[in-house]
Amino acid sequence: MNATHDVFNQADPLVDYNLFDGNQALRGALKFNAPSLDTAELSVLGARLGSADMQSHARLANVHAPQLRSHDRFGRRVDEVEFHPSYHALMQAATAAGLHGTPWTSEGASPHVLRAAGFMLFTELEPSILCPISMTYAVTPALRRNAAVYDDWQPRLTSRAYDPALKPWRDKAGVTMGMGMTEKQGGSDVRANTTQAVPDGRDGWGERFILTGHKWFMSAPMCDAFLVLAQGPGGLSCFFLPRVLPDGSLNAVRIQRLKDKLGNKANASSEVEFEQATAWLVGEPGRGVPQILEMGTMTRLDCALGTSGLMRQALAIALNHTAQREAFGMKLIDQPLMRNVLADLALESEASTALAIRLARAFDRTGDEHERAMARLLTPVAKFWICKRGSHFSQEAMECLGGNGYVEEDGEGIMARIYREMPVNSIWEGAGNIMALDLLRALRKADAAEALALELAPAKGAHPELDRLAAALPHRVEAMATELEARRLAQDVALAVQASLLYQSAPAGVFSAFCQSRVGGDWGQAFGALPGGTDFDAIIARAMPRQSPGVSS
């Protein structure tokens, strides 16, 4: 009877391996976009993030979700969120790696690309704690519009220290920041906001206001401060709102409840009310939307990076499982149809990585006219296309594990956690329609068609299907497609740029298979429908997490 309890033909977990060293797609993208970049710290980070210890922290932070404490036992309002110690361990690791504000003060080569690669690696471990990390990274461009606040807060925003205590900024070695835009009646239509800002004098931080209203989604409410939108005397404006006021008292930010979300479990997302909360004006009155969207641009980059990281982790787990699991007398990875699925997933993962890192390069070269144009074009395109592909990708990767992939078992089923996490990046910071409309706005810039043609030029003549698509795009860009066609245009721009990047950074077999399937249409409507002439062996070998136990490339 005990023989029925013998466990065999089960894959060893993918643990204690280096996430960076085994990721040839990421390393290729870095070599192309930042050839002089020193990647030594990424290798160190990759080893740490692939460790059993860090994977345990990721599991515990998701199993033990944040808890709201609105009042203490004496009835006093405290408005605090309590986290499991593993959440703080993950936050400390992310800030120590410089994934929040350090690119803004770094003098090294390609700091935004370096940070982007680290962000992708950390996403493979645990994505949801990166919400406050991402917002802290993104706050600098907008916060600079209030020089006094920026001068006081910037050293702590870029510090690699982590201090979760709710206390005045001056008493902390490191701080985090978030943002609050959406309200229950408006959602993406932030101009429908009703929160009111009433002038309350001036001080060392500039024009001070009293805010009364609410925010329907305010993520990471334990951040030290937020940029929020409110209706002031000059119209909808941007305000700096700290949780703790300069005199040490708590600001009147009332956390009403935490959202019960599909995924993103380790991160607290909240509904809050401002009951005469104190805030300071950032930038020009009435210019709140464009000012806070400077922050949104950076977080949209992180949505593309994050989804690419999740794709890579799902692919690595699928490869690890199929390389060990046997069925019908042979390893799953040797079954022809499974090889088609795995190779197809590997193509999608590498193309997403290439596009996301290319976008990060644009933020390192803001003085270059072409790079500024590509940042305008590729931010909505990458956010739209990569994030749209994520959920379908993770479902197919989960299917490679069968029922084992669908089971979470006290948080140990990482694939199920990835699947639940995928939709958030597509929804957060503007869903698909918002991104497609942002692309149309970017196309109104006179240099859009020229910039896109220049971007695609290196791959001219490399593949007939790519040439066909590239030749048609400038006309479509100049014609500025209608809203009805905006999603299709965003898709085609993404595919053309991805193909061009793969031509320059990936092996010929990867480029050829991507063009034949995604660009040329020799493909089905589900993963695993690549044409028979695809170089499956080379594509799969390139994608393997090479240092994982029991798996060889």
Side-chain angles (χ1 to χ4, degrees), residues 38 41 45 88-116 118-119 122 129-180 202-208 219-228 238-251 253 278-283 291-292 294-299 301-302 360 363-364 366-367:
D38 183 354
E41 64 180 280
L45 180 64
H88 296 300
L90 293 167
M91 284 291 292
Q92 186 173 31
T95 53
L99 304 185
H100 54 311
T102 51
W104 301 110
T105 57
S106 174
E107 297 180 357
S110 306
H112 289 278
V113 169
L114 177 63
R115 181 260 175 194
F119 190 90
F122 208 105
I129 71 103
L130 291 174
C131 180
I133 296 295
S134 177
M135 292 189 293
T136 303
Y137 164 66
V139 75
T140 290
L143 191 61
R144 283 173 176 160
R145 296 182 181 274
N146 184 319
V149 172
Y150 179 75
D151 288 345
D152 280 346
W153 282 66
Q154 182 270 335
R156 292 163 178 81
L157 286 167
T158 58
S159 166
R160 295 197 183 213
Y162 172 65
D163 183 352
L166 194 58
K167 58 187 179 183
W169 61 273
R170 65 172 65 89
D171 298 333
K172 302 185 67 167
V175 296
T176 57
M177 279 191 66
M179 61 180 169
R202 292 184 62 91
D203 58 27
W205 283 351
E207 295 182 63
R208 189 176 62 245
S219 197
M222 290 304 289
C223 285
D224 295 283
F226 299 84
L227 291 184
V228 301
C238 180
F239 296 91
F240 170 81
L241 185 149
R243 283 294 314 272
V244 181
L245 296 172
D247 65 4
S249 63
L250 287 180
N251 209 349
V253 178
T278 302
W280 285 261
L281 181 67
V282 175
Q291 285 162 191
I292 205 167
E294 290 185 85
M295 186 176 181
T297 297
M298 309 304 295
T299 52
L301 164 64
D302 281 359
F363 293 103
D364 270 323
T366 55

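For the pair Arg156 and Asp224, the minimum side-chain heavy-atom distance is 4.5 Å or more. You'll find the side chain of Ile133 reaches within 4.5 Å of the side chain of Met91, heavy atoms only. In this structure the side chain of Asn251 never reaches within 4.5 angstrom of the side chain of Arg243, judged on heavy atoms. Taking the side chain as every heavy atom from C-beta outward, Thr140 and Tyr150 approach each other to under 4.5 Å. Counting heavy atoms from C-beta outward, Arg208 and Trp280 have side chains that approach closer than 4.5 Å. The side-chain heavy atoms of Leu227 and Phe239, taken from C-beta on, include no pair separated by under 4.5 Å. Put simply, the side chain of Leu250 reaches to within 4.5 Å of the side chain of Val244, judged on heavy atoms. Side-chain contact between Val282 and Val149: absent, with no pair of heavy atoms (C-beta onward) separated by less than 4.5 Å.
Here Gln291 contributes atom CD and Leu143 contributes atom CG; the two are 11.5 Å apart, rounded to the nearest 0.5 Å. Note that CZ of Arg145 and CD of Glu294 are 4.0 Å apart. Values are rounded to the nearest 0.5 Å. With values rounded to the nearest 0.5 angstrom, Trp153 atom CH2 is found 10.0 Å from Thr136 atom OG1. A distance of 13.0 Å separates CG in Leu130 from OG1 in Thr299, rounded to the nearest 0.5 Å. Atom NZ in Lys172 sits 7.0 Å away from atom CG in Leu166 (nearest 0.5 Å). Here CD1 of Ile292 is found 11.5 Å from OG1 of Thr297. Values are rounded to the nearest 0.5 Å.
Residues Glu41 and Leu114 share a closest heavy-atom pair of OE2-CD2, 3.6 Å. When all heavy atoms of Leu90 and Phe122 are compared, the closest pair comes out as O-CZ, 3.4 Å. The minimum heavy-atom distance linking Leu45 with Gly118 is given by the pair CD2-CA, 3.9 Å. Closest non-hydrogen pair, Pro141 versus Ala138, comes out as CD-O, 3.3 Å. Taking all atoms of both residues into account, the shortest heavy-atom contact from Leu157 to Val139 is CD1-CG1, 4.1 Å. Closest approach of Ser219 and Phe226 over heavy atoms only: O-CE2, 3.7 Å.
The aromatic rings of Trp205 and Phe240 lie perpendicular to each other, with more than 60° between the two planes, well past the 30° mark.
Distance alone, capped at 3.5 Å, places no donor-acceptor pair between the Ser134 side chain and the Cys131 backbone.
Checked against side-chain contact (heavy atoms from CB on, under 4.5 Å), Ala220 has the following partners two or more places apart in sequence or in another chain: Pro132, Met135, Cys223, Asn267.
For residues 94-115, the pairs satisfying side-chain hydrogen bond (donor to acceptor under 3.5 Å, both in side chains) are His112-Tyr137, Arg115-Asp302, with sequence neighbours left out.
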